[in-house]
Amino acid sequence: MKRYMMALDQGTTSTRALLVDESGTIAAIWQEELPLQYPEPGAVEADAEFIWASAQRVMRGVLEQAGVSAEAIAGIGITNQRETTVVWDKATGRPIHQAIVWQSRQTADICERLKAEGHAAEFHARTGLLIDAYFSGTKVSWILDHVEGARERAMAGELLFGTIETWLIWNMTGGKVHMSDVSNASRTLMFNIHNRAWDDELLRILQVPRVMLPEVRASSEIYGELESSLLGRAIPIAGAAGDQQAALFGQTAFAEGATKNTYGTGCFMLMNTGEKAILSERGLLTTIAWEVNGKLEYALEGSIFVAGAAIQWLRDGLEMIQSASETEALAKQVESTEGVYVVPAFVGLGTPYWNSDVRGSVFGLTRGTSKSHFVRAVLESLAYQSRDVLAVMEQESGLKLSSLAVDGGAVANNLLMQFQSDLLGVPVERPGSNESTALGAAFLAGLAVGFWQDCEELSKLRGIDRIFRPTMEEAHREELYRGWQRAVKAAMAFAEQV
Ligand SMILES: Nc1ncnc2c1ncn2[C@@H]1O[C@H](COP(=O)(O)OP(=O)(O)O)[C@@H](O)[C@H]1O
Ligand SMILES: O=P(O)(O)OC[C@H](O)CO
């Protein structure tokens, strides 16, 4: 019987299950869209019970679609949107509030207060992160503040906290396992990345009771078994990682300096820094990449909040397009944006600006601006934001990139990839499988159950689909980029209270 690893990829806008065979080929995919809620400006929530229900449906769906029985699944690896926060009742398993999604700015006020109280340096030094509404810590605290009696119940040990992998694994094991993997834990603002433990001092500041936190485990080990009632057989759950770290692993970026950029809802660039946790002075995050075979490795990360989400806004908000893939043909109708810049700061800007107040802005419109120019400007904004991040990453790591590995939904767009290469002046390498995130999860779990032996074997499984090489003159590239920098500066000036 042919055997497979199953990857469960719970992202911001979709839940997917994939089967991966021994050659690293994706044999089947089943997915569902995930609806998000926007209860107030800047707030983004999701239904945690729906997430779990969708996970069950896609796991069953992928097996049915492929005609594969649960007996053929050697193990399950999980990867997930990070930071998104769920608090649930330990006895009933019911969430006490909607999940607060990573993009949500609900807790910006709490963050301002923490910064005003002078805690920024302490949080940065211990967690590698910045005080920002993006991370889970203030989201948990917000839920405990907003649901009546929740803080007391949490202190009494009646409530549990988890990021999405924790929530899924708890449900998958029928409430037996309450754990987080190190890469997800490192995104909570509560975890000390140097001594690999929840940090009591930070928990005190955030007023989060330790008793509600999960046990922290490696990214590749058997955590427990899938309840046999779910797929008809108990299957080991053997790996978990946040989706960006999983994508780095799936790109087989095992060497120090290896870098990938994922273009999904947001855009996330990660550089492997090996066993060194490099603390950034310019807005990069220091994060745990993974723990495999007892070895903890770190990455530098640049986080862009709105990337593919801006394309979705063209589709669903402005109704300018019917599907994301139309953007390429539309943008191709014009040679350039003719000076139009769109800064899609719908929920503020992440790396390197970390500005919660700035909002989306458009510059350089003329009477001649067409839909094509506008769509092209939105697409280009993904590349400009990525250049902002890479510039800081190269400075702070002292490493110069020779090529950039890419993945995520939007890399299907050839025009975007070519523009990205032109704007960075380095080749952009699109892998044979665009499913790096799921592959990473399958690889991590596969190592734990012996489906693959080691990282060397995994490296051999990666193929290249296409390399985009820079063709733009340097002077032109720099002129375009200066325009973007002016646009960002103007957008931030607009948000300033005078
Ligand atoms: N051809 C395309 N051009 C530009 N953007 C695209 C294209 N295809 C998909 N996208 C964008 O990619 C995103 C989906 O990517 P995915 O990696 O599945 O996201 P996530 O994991 O964040 O849910 C969507 O935001 C969509 O707008
Ligand atoms: O759902 P994605 O793929 O956009 O990823 C979300 C990130 O993990 C947020 O940090």
Side-chain angles (χ1 to χ4, degrees), residues 7 9-16 18 29 31-36 44 46 51 54 78-85 99-104 129 132-136 139 163-165 183-184 186-189 241-248 250 260-270 285 287 299 301-317 320-332 344 346-347 350-351 375-376 378-383 406-420 430 434-438 440-441:
D9 175 4
Q10 206 302 301
T12 316
T13 56
S14 67
T15 305
R16 301 139 62 77
L18 299 90
I29 304 182
Q31 75 174 57
E32 267 188 24
E33 289 258 323
L34 185 75
L36 294 174
V44 188
I51 289 178
S54 72
I78 293 166
T79 182
N80 56 290
Q81 55 171 316
R82 306 163 306 165
E83 300 98 12
T84 298
T85 297
I100 301 188
V101 173
W102 59 276
Q103 281 178 321
S104 193
L129 308 175
D132 191 89
Y134 174 27
F135 307 108
S136 320
K139 298 183 197 285
T163 40
I164 295 296
E165 89 295 3
S183 72
N184 275 292
S186 79
R187 312 295 297 184
T188 59
L189 210 60
D243 55 10
Q244 303 310 322
Q245 289 93 332
L248 191 69
K260 70 87 203 179
N261 198 19
T262 300
Y263 301 73
T265 306
C267 227
F268 299 88
M269 194 183 292
L270 270 74
L285 307 172
T287 206
E301 170 172 328
S303 311
I304 295 165
F305 298 144
V306 173
I311 312 290
Q312 286 178 326
W313 168 70
L314 288 176
R315 188 191 63 187
D316 306 336
M320 265 193 189
I321 52 169
Q322 281 178 350
S323 79
S325 56
E326 278 172 38
T327 55
E328 184 165 352
L330 269 170
K332 250 198 203 136
F346 305 149
V347 292
T351 309
V375 166
R376 187 174 179 115
V378 171
L379 270 180
E380 289 187 357
S381 74
L382 277 63
V406 297
D407 52 59
V411 305
N413 195 308
N414 293 323
L415 181 132
L416 170 63
M417 292 299 101
Q418 184 57 49
F419 186 74
Q420 184 71 89
R430 187 166 67 193
N434 189 23
E435 299 292 347
S436 312
T437 303

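Here, residue 1 is the first one in the sequence, and each next residue gets the next number. As the structure lists them, so they are numbered: ligands from 1, and atoms in each ligand from 1.
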* Quick check: does Gln81 get an N/O under 3.5 Å from an N/O on ligand 2? -> no
* Heavy-atom check, side chain of Tyr263 versus side chain of Met417, under 4.5 Å -> yes
* To do: Decide whether an N or O pair under 3.5 Å exists between Ser14 and ligand 1.
  => no
* To do: Keeping the roles fixed (side chain from Ser436, backbone from Gly250), state whether a donor-acceptor pair exists under 3.5 Å.
  => no
* To do: Consider every N or O of Tyr263 and every N or O of ligand 1, then say whether any pair is closer than 3.5 Å.
  => no
* Aromatic ring pairing Phe305/Trp102, orientation class (parallel under 30°, perpendicular over 60°, tilted between) -> tilted
* Asked: CG of Asp9 to OG1 of Thr79: how many Å apart, nearest 0.5 Å?
  -> 5.5 Å
* With atoms numbered from 1 as shown, which atoms in ligand 1 lie under 4.0 angstrom from a non-hydrogen atom of Thr327? -> 3 (N), 4 (C)
* Asked: Can you tell if the side chain of Gln420 reaches within under 4.5 Å of the side chain of Val411, non-hydrogen atoms only?
  -> no
* Do Glu83 and ligand 2 have an N or O pair less than 3.5 Å apart? -> yes
* To do: Around atom 2 (C) of ligand 1, find the nearest protein heavy atom and jot down its residue, atom name and distance.
  => Ala324 O, 3.7 Å
* Structure fact -> for atom 3 (N) of ligand 1, nearest protein heavy atom and its distance come out as Asn413 ND2, 3.1 Å
* Which of the listed options, Ser436, Gly408, Gly264, Ala309, holds the heavy atom that is closest to atom 13 (C) of ligand 1? -> Gly264
* Asked: atom 17 (O) of ligand 1: which of Ala410, Gly409, Cys267 has the nearest heavy atom?
  -> Gly409
* **Test of proximity, Asp243 against ligand 2: N or O pairs below 3.5 Å** => yes
* To do: For atom 22 (O) of ligand 1, grab the closest protein heavy atom and report residue, atom and distance to one decimal in Å.
  => Thr265 OG1, 2.5 Å
* Listed partners of Phe419 passing ring-ring contact (aromatic ring centres under 6.0 Å, His included), at least two apart -> Tyr384
* **Asn80 and its side chain to side chain donor-acceptor pair (under 3.5 Å) partner, picked from Asn184, Thr12, Asp243** => Asn184
* Asked: Do Thr12 and ligand 2 have an N or O pair less than 3.5 Å apart?
  -> yes
* Asked: Is a donor on one side and an acceptor on the other found under 3.5 Å between the side chain of Lys139 and the backbone of Val101?
  -> yes
* **Under 3.5 Å side-chain donor-acceptor pair for Thr287 and Arg187** => yes
* To do: Can you pull out the closest protein heavy atom to atom 23 (O) of ligand 1? Residue, atom name and distance to 0.1 Å, please.
  => Thr13 OG1, 2.6 Å
* Asked: Any nitrogen or oxygen of Asn80, main chain or side chain, under 3.5 Å from a nitrogen or oxygen of ligand 2?
  -> no
* Report the member of Ala331, Gly308, Ser325 with the shortest heavy-atom distance to atom 26 (C) of ligand 1. => Gly308
* Please name the residue in the list Gln245, Glu165, Gln244 that meets the side chain to side chain donor-acceptor pair (under 3.5 Å) test with Arg82. => Gln245
* So do Leu330 and Met320 actually touch side chain to side chain, heavy atoms under 4.5 Å? -> no
* To do: Answer with yes or no whether Gln312 contacts ligand 1, where contact means a heavy atom under 4.0 Å from a ligand atom.
  => yes
* Among all protein non-hydrogen atoms, which one is nearest to atom 21 (O) of ligand 1, and what is the separation to 0.1 Å? -> Gly11 CA, 4.5 Å
